[in-house]
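Note that this is a predicted model, so its numbers are computed, not measured. Naming: A, B, ... by sequence-line order, numbering from 1 per chain.
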Amino acid sequence: MLKTILMSSILLLGSTLHANEYIHVVGSTTVLPVVSQAATLYHQQHPDIIITVSGGGSGVGIASVIQGTAQIGMASRNTTAEEQAKLEGKVDNIVIAADAVAVAVSKAVYASGVHALSVGQIADIYRGNIRNWKEVGGLDARIVVIDKEASRGTRHVFAEAILGDKHARAKGASIISGSNNEEQAIISRSNAAIGMLSNAWLNDKVRGIAIIVDGKLISPTIEHVRDHSYPLARGLHVLLPKHAPQAAQKFVQFLLAKQGQTIVQEVGYLPVH
Amino acid sequence: MLMLRPSMLASFVWLGCLTAAFSIAVLLWFLWDNAWLFFQQFGIQTLWLDEWYPYENLYGFLPAITGTAWALLIALLIAIPCGLAAAIVSSEIVSSTWQAWIRLSMEVLAGIPSVVYGLIGLWLLLPLLQSQLNLLTGHSLLAAGLILSLMILPTIMLMAQDALQGVAPEQREAAKLLGLNWNQQLLRILLPQAWPGIRSGILLAVGRGLGETMAVMLVVGSLDRMPQPFYNILEPAQTLTSRIGREMGEAAFGSLHFSALMACGLILAIVAVFFSFSAQKMRPST
């Protein structure tokens, strides 16, 4: 009797395990809000598909796909030559949205009159040549310069456009942050911070400033991403291995379809379809 | 009730012991094997260089080693006196009810996950340091040291308390019979007698402090640069563990960057093993 119960429970366990399919998505915390909302919706429509989404940054997302520890990777930057060599022919790199990397400042800085900076001024801040907000027309306070972990997609895009190279050093950095969340928290708690943040993460305490290009002020909005005038625009990618399970491929199609693209818009990015 | 023959029990004990020894050996071998590529290319002198830019193939260890040393030193400077004082109070002064409560609270303190300490640091300690010391954000080696001190306090306190209670009653009675006052009893009899146990507690705490990653990573600022000047503990800095935590996800398995991070791990492991061995050595042989 005991044996039968034991056997049937094992069979039951086996069959439930078999019915559910698991997809693990890892990478950029910029892409994460879109994918996690889409995953929730997708799970409601397909209860047997369980999707787990975690952050770590674009570099982690790309590395996870290369090493096969995730079924889908998320990246908020283009792959480097080194990464591309490992991905070539094995992984599809799909753009699901576009976005602006905003130069974000603390509310107090914005209120003191810093509404726009030129690329040169921002570069000088990150190189350590400008150290006080008063030098660019703001309040008298030492600038808290927030740099990001070297692997982060946002940093690649920012450093390439502002400092000229995606791996450029930022001598003026006073602190290193990781995820968008962490960076947003530091900026909102400080009265004198500057950082780089996806425009969907801006709020009342974390203000995006305009960038001065050829004398024109270009603010980090979706409209300026659409007309290609904003210098810090980028695509948001998902990386799908060619041999990925059917369920993973279907989920990526879902991201590109109407429902997925609606979520892209709701989060605050520019849809691609 | 399962009956065990003495020989079977002995083999179980041996099996357990060998498993433990084997895992330690595998761990050290793994670290060494992976760090070897790095030391082969850069040599041991890279430990004294102060620039860490993996993308430019610059792997200087000095800032992180300095940061680790400072964070640990601050933690010990606070936790040793506090832990010892708490142990003395609970074992020598208060009633046994209070003693049980103090012990319980220390055990709770020891059981809290490190990420919780990190979040406490992030939301309570950093704003406090920022406003009181007029710092940029509060992220600093001081913050890391303060959080660490809280985390290693239970180890030091519990070990010291056990050591104090382990002092033979005859010794206490003899001290009282000699007419020694409380200060003399404590300083001449109890602390010297309990010292080996207290010392082991401190060395264990050193091991824990060296290896702590999550809590330190959240409050230290992760800025891989030498503190200017080197004793400046009020600016963001980097520790070996926080560097590993921040960069490991991205480093491709087998790459030079990965190997360099393994070298960080190897250094920590060697120092920890060294301290553990000293803890063993210094224990009284009886």
Could you name the residues of residues 52-74 of chain B that have a heavy atom within less than 4.5 Å of a heavy atom in chain A? Tyr53(B), Tyr55(B), Glu56(B), Leu58(B)

Note: vs chain B, highest number of non-hydrogen pairs under 4.5 angstrom among Gly61(A), Gly56(A), Ser174(A) is Ser174(A)

Pairwise distance CG(Asn93(A)) to NE2(His237(A)) - rounded to 0.5 angstrom: 5.5 Å

Report the distance from atom OG of Ser151(A) to atom NE2 of His257(B), rounding to the nearest 0.5 Å. 8.5 Å

Structural part of Lys171(A) lying under 4.5 Å from a heavy atom of chain B: backbone

What I want to find out is whether Arg77(A) reaches Glu83(A) closely enough, with some N-O distance under 4.0 Å, to be called a salt bridge. yes

For Leu32(A) and Gly55(A), the nearest pair of non-hydrogen atoms, with its separation, is CD1-N, 3.5 Å

So, Arg234(A) and Glu160(A), do they make that salt bridge, N to O below 4.0 Å? no

Examine whether an atom of Ala170(A) lies under 4.5 Å from a heavy atom of chain B, and if so say whether it belongs to the side chain, the backbone or both; otherwise answer neither. backbone

Taking the side chain as C-beta and beyond, is there a heavy-atom pair between Ile175(A) and Asp147(A) under 4.5 Å? no

Thr69(A) versus His24(A), closest heavy-atom pair with distance: O-CD2, 3.8 Å

Is a salt bridge present between Arg246(B) and Glu182(A), judged by a nitrogen-to-oxygen distance below 4.0 Å? yes

For Tyr117(B) and Leu150(B) the tightest heavy-atom approach is CE2-CD2, 3.6 Å

Against chain B, work out which of Ser190(A), Ser64(A), Gly59(A) has the most heavy-atom pairs shorter than 4.5 Å and name it. Gly59(A)

So what's closer than 4.5 Å to chain B heavy atoms on Ile186(A): side chain, backbone, both or neither? side chain

Applying a heavy-atom distance below 4.5 Å, give me the residues of residues 211-242 of chain B that approach chain A, sorted by number. Gly221(B), Ser222(B), Leu223(B), Arg225(B), Glu235(B), Pro236(B)

Which pair of non-hydrogen atoms, one from Ile72(A) and one from Val65(A), has the smallest distance, and what is that distance? C-CG2, 4.0 Å

Quick one: of Gly178(A), Ala150(A), Ala192(A), Ser177(A), who has the most non-hydrogen atom pairs under 4.5 Å with chain B? Ala150(A)

Leu139(A) side chain reached by Val109(A) side chain, heavy atoms, under 4.5 Å: yes

Mind listing the closest non-hydrogen atom pair of Leu148(B) and Ala75(B) along with its distance? CB-CB, 3.6 Å

